[in-house]
Amino acid sequence: MPNHTFPKSLALGATAAAAIALVAAAPATAETEVAEPDSFTSAYTVMATPDAVINNDGDVTPGEPGAMGQFDFRINSDLNIICYDITLTGVTGEYESPAKTATHIHEAAEGQAGPPRIAFPNPTDNGDGTRTSSGCLEGPFTTGLNSDAGTDTGEGFTLKQIEANPAGFTGDSHTADFKAGVVRGQLVQVPVGGVDTGAGGAAAAGGLDAMTLSFLGLGGLAVAGVAGLAVARKARAAGQ
């Protein structure tokens, strides 16, 4: 290569390196699967049923008869991380949604429609008809669905918004036969290790107060499910 081409080649190389550095330094543009954090600022459960489903016009549109869903969420809003354990029973057929997955948290009060803010991996059948999905996601969040303004419905959303108004959010999942939703339910805040999470406290993972949950009337399924999440996840991670 002629000598006079070296400076140009070096300049191009430097530009490319700078561009790569900028990309590496830029914030993520979609949620990232991460390990469970050491502590949580709040926790929520959803008992999702077919009778709670509504369509985009706010009309009652029942989901699949006999289907049930339990959505358990633990949040570290300081890190913008949400850990999820989702179980669907009695759900049949394929998932379908205009979003990138069919299992969501929507910003929607009871009886109202609203946009999805977080899209979770769809629960998969474990062989006995029960569908499950577990993990932790770190924002920024995307849903793959655009608002009327042309931006992703997850854009700008943070988990502090759930903590500010949990009753204004709902968990649901959608199938081809039940496009409006197969099951749906509102988020209900549950204690994390006895800490008043709504006041900004933080508690260590696995510290849920099961007795307090039972007094909330959430039932044995919610108590056992939420209280054992961290233990079960840590056991899976350790290969036990």
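Between Phe73 and Phe71, the ring-plane angle classifies as tilted under the 30° and 60° cut-offs. Below 30°, between 30° and 60°, or above 60°: for Tyr84 and Phe120 the angle between ring planes is between 30° and 60°, a tilted geometry.
Taking the side chain as every heavy atom from C-beta outward, Phe178 and Val91 never approach each other to under 4.5 Å. In this structure, Glu163 and Thr41 have side chains that are in contact, with non-hydrogen atoms separated by less than 4.5 Å. Using a 4.5 Å heavy-atom threshold, the side chains of Asp38 and Phe40 count as separate. In this structure the side chain of Val183 never reaches within 4.5 angstrom of the side chain of Met68, judged on heavy atoms. Contact of the Leu145 side chain with the Pro116 side chain is registered, since non-hydrogen atoms from C-beta on lie closer than 4.5 Å. In this structure the side chain of Arg74 never reaches within 4.5 angstrom of the side chain of Ile82, judged on heavy atoms. Two residues are said to be in side-chain contact when any heavy atoms from C-beta on lie closer than 4.5 Å; Ser173 and Ser97 fail this criterion.
Although no hydrogens or angles enter the test, the distance criterion places no donor-acceptor pair under 3.5 Å between the side chain of Asp57 and the main chain of Asp59. Under the 3.5 Å distance criterion, the side-chain polar atoms of Asp85 are left unmatched by any main-chain donor or acceptor of Thr87. Judged purely by atom type and a 3.5 angstrom limit, Asp72 has no side-chain atom pairing as donor or acceptor with the backbone of Thr45.
Of all heavy-atom pairs spanning Asn76 and Leu79, the tightest one is OD1-N, 3.0 Å.
Around the CG atom of Asn56, the shell of radius 6.0 Å holds no more than 12 heavy atoms that belong to other residues, nucleotides or ligands. Open room surrounds CG on Asp148; 12 or fewer heavy atoms of other groups in view lie less than 6.0 Å from it. Glu110 CD: 12 or fewer foreign heavy atoms inside a 6.0 Å radius.
Counting only N and O atoms by type, the side chains of Glu64 and Thr175 include no donor and acceptor under 3.5 Å apart. Donor-acceptor pairing under 3.5 Å is recorded for the side chains of Thr103 and Asn122. Looking at Ser42 and Tyr44, their side chains do bring a donor and an acceptor atom within 3.5 Å of each other. For the 3.5 Å distance criterion, the side chains of Asp172 and Thr170 fail to qualify, holding no donor opposite an acceptor.
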